[in-house]
Protein chains: 2
Amino acid sequence: MAKIKENSTNNLNRKYIITDCNLTYSICMVGGRWKLLILCNLENGKLRFGELRSKICNITERMLTLHLRELENDGIVKRTVYAEVPPKVEYELTDIGRELIPIWEQLSNWGEKHRAMTRPE
Amino acid sequence: MAKIKENSTNNLNRKYIITDCNLTYSICMVGGRWKLLILCNLENGKLRFGELRSKICNITERMLTLHLRELENDGIVKRTVYAEVPPKVEYELTDIGRELIPIWEQLSNWGEKHRAMTRPE
DNA sequence: TATGGTACATACAAAAAAGTAAGTAATGGC
DNA sequence: GCCATTACTTACTTTTTTGTATGTACCATA
């Protein structure tokens, strides 16, 4: 999230895996702690920064900003700034971002099933 | 992976998110650096520890062991030990593990498409 | 008796991710 | 002039993940 060391084994391995495997590449795109929660909240339309912050309880402004920046850089989320004071910024899913929705619905179902299997009442 | 501090904000947030969101829960299951590469390699049947190690270049024995343990604990991979010397251990996907295959194929396609979009030649 | 193969375990170090606390800019309303 | 609002920064600390290096058990074979 912050600075990474370009030539660390860690970073080189990450690059190697991402290059090698589309699947790992995809997972990395949405792999940050809060990213999926952000994306889920955007599923039904645009939200302002402050709306996201209050919908996702426990997230700090710093984390929200960092994840949104990454999602924006990765073309999954679109950011629109309105020239107003106080500032108004809206976030929404891009087309390629929306294409994740049916996939994550399945993943979510899998999770529910898995959870039921491993922790039966 | 190693010891975690039960009451750190970091850990509490992780628990909270996982409890709250099946999707994040699912992603956490396969979120480790090498997990998906391991799972992909098991897609076509059982493999021994040493086979996995040589198929996944750059992975260390420690990382392979750690990830396999987690996948086993999460019921995604099954471990079979043969009472032989030298030891022989085989790994394979469980039923719930196999149910991820169609999902990760879609994710993989998404990744390919996304990659083409963001880095067109 | 020494050696080799297999699947690990352990102690430690480096790197990355997440969290904390405080500050900033712009401007409209009081 | 002062304060409130919004969407951020920045500097720093803590926690977690990843990687390095080395050691272990077991027994068959040389």
Side-chain angles (χ1 to χ4, degrees), chain A residues 1-18 24 27-28 30-38 46-72 77 79-91, chain B residues 1-18 24 27-28 30-35 37-38 46-54 56-72 77 79-91:
Chain A
M1 228 90 194
K3 292 157 192 173
I4 51 167
K5 300 213 169 177
E6 272 309 314
N7 289 320
S8 64
T9 304
N10 189 315
N11 189 44
L12 295 177
N13 275 345
R14 188 173 54 89
K15 281 184 173 174
Y16 153 69
I17 295 176
I18 285 177
T24 305
I27 293 286
C28 282
V30 295
R33 163 80 43 104
W34 305 92
K35 277 188 186 173
L36 285 168
L37 232 42
I38 294 171
K46 297 181 184 183
L47 286 179
R48 295 182 60 174
F49 183 87
E51 290 173 319
L52 279 170
R53 189 189 45 205
S54 56
K55 273 171 182 278
I56 304 172
C57 59
N58 290 355
I59 199 171
T60 61
E61 299 200 330
R62 176 178 140 80
M63 278 298 122
L64 184 52
T65 305
L66 282 175
H67 284 306
L68 283 170
R69 280 297 166 280
E70 287 200 353
L71 290 167
E72 191 195 356
V77 155
R79 177 167 180 262
T80 310
V81 184
Y82 297 86
E84 300 176 7
V85 169
K88 176 179 172 185
V89 181
E90 284 186 335
Y91 293 91
Chain B
M1 228 93 191
K3 292 156 193 174
I4 50 167
K5 301 214 169 177
E6 273 308 316
N7 288 320
S8 65
T9 305
N10 189 315
N11 189 45
L12 295 177
N13 275 345
R14 188 171 53 88
K15 280 184 171 174
Y16 153 69
I17 295 177
I18 285 177
T24 305
I27 292 285
C28 282
V30 296
R33 161 83 40 105
W34 305 91
K35 277 188 185 173
L37 231 42
I38 294 171
K46 297 181 185 182
L47 286 179
R48 297 182 58 174
F49 183 86
E51 291 173 319
L52 278 170
R53 188 190 43 205
S54 55
I56 303 172
C57 60
N58 289 354
I59 198 171
T60 62
E61 298 199 331
R62 175 177 143 79
M63 278 298 121
L64 185 52
T65 305
L66 283 175
H67 284 307
L68 283 169
R69 280 297 165 282
E70 286 201 353
L71 290 167
E72 191 195 357
V77 154
R79 177 168 180 262
T80 312
V81 183
Y82 296 87
E84 301 175 8
V85 168
K88 177 179 172 186
V89 181
E90 284 185 335
Y91 293 91

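Residue numbers start from 1 in every chain, and the chains themselves are labelled A, B, ... in the order their sequence lines are given, proteins ahead of strands.
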Worked check of side chain to side chain contact (heavy atoms under 4.5 Å, CB included) between Ile59(A) and Leu37(A) | CA-CA 10 Å; Ile59(A) 199 171; Leu37(A) 232 42; over 6 Å; no

Looking at residues at least two apart in the chain, or sitting in another chain, which of them share a salt bridge (charged side-chain N to carboxylate O under 4.0 Å, His left out) with Arg53(A)?
-> Glu61(A)

How sharply is the helix from dT1(C)-dA30(D) to dC30(C)-dG1(D) bent, taking the axes over five pairs at either end and rounding to 10 degrees?
-> 30°

Among all residues two or more places apart in sequence or in another chain, which pass the side-chain hydrogen bond (donor to acceptor under 3.5 Å, both in side chains) test with Lys5(B)?
-> none

Round to a whole Å and report the spacing from NE2 of His67(B) to C1' of dA7(C).
-> 17 Å

Residue set satisfying side chain to side chain contact (heavy atoms under 4.5 Å, CB included) with Asn11(B), at least two apart, ordered chain then number -> Ile4(B), Glu6(B), Ser8(B), Arg14(B), Lys15(B)

Could you check how far NZ of Lys15(A) sits from C1' of dA15(C), rounded to whole Å?
-> 15 Å

dA15(C) P sits how many Å from Met63(B) CE, rounded?
-> 15 Å

Lys88(B): side-chain hydrogen bond (donor to acceptor under 3.5 Å, both in side chains) partners, not counting sequence neighbours = none

Could you check how far CG of Asn7(A) sits from C1' of dG19(D), rounded to whole Å?
-> 15 Å

Partner residues of Glu84(A) under the side-chain hydrogen bond (donor to acceptor under 3.5 Å, both in side chains) criterion, sequence neighbours left out | none

For Arg33(B), which residues count as a side-chain hydrogen bond (donor to acceptor under 3.5 Å, both in side chains) partner, sequence neighbours excluded?
-> Asn10(A)

Thr80(B) meets the side chain to side chain contact (heavy atoms under 4.5 Å, CB included) criterion, sequence neighbours left out, with Lys78(B), Tyr82(B), Glu92(B)

Under 4.0 Å protein heavy-atom contact, by nucleotide of nucleotides 5-15 of chain D - B base, S sugar-phosphate only | BBSBBBB---S

Arg14(A) side chain N/O closer than 4.0 Å to the phosphate oxygens (OP1, OP2) of dT18(D)?
-> no

Below 4.5 Å, heavy atoms only, C-beta onward: do Arg69(B) and Arg79(B) meet side chain to side chain?
-> yes

Protein-nucleotide distance (Glu6(A), atom CD; dA15(C), atom C1'), rounded to Å = 13 Å

Rounded off to whole Å, could you give me the CG-to-C1' distance for the Leu66(B) and dT17(D) pair?
-> 10 Å

Whole angstrom value for the distance that separates C1' of dT16(D) from CD1 of Ile18(B) = 13 Å

Nearest-Å distance, CH2 (Trp34(B)) to P (dT18(D))?
-> 10 Å

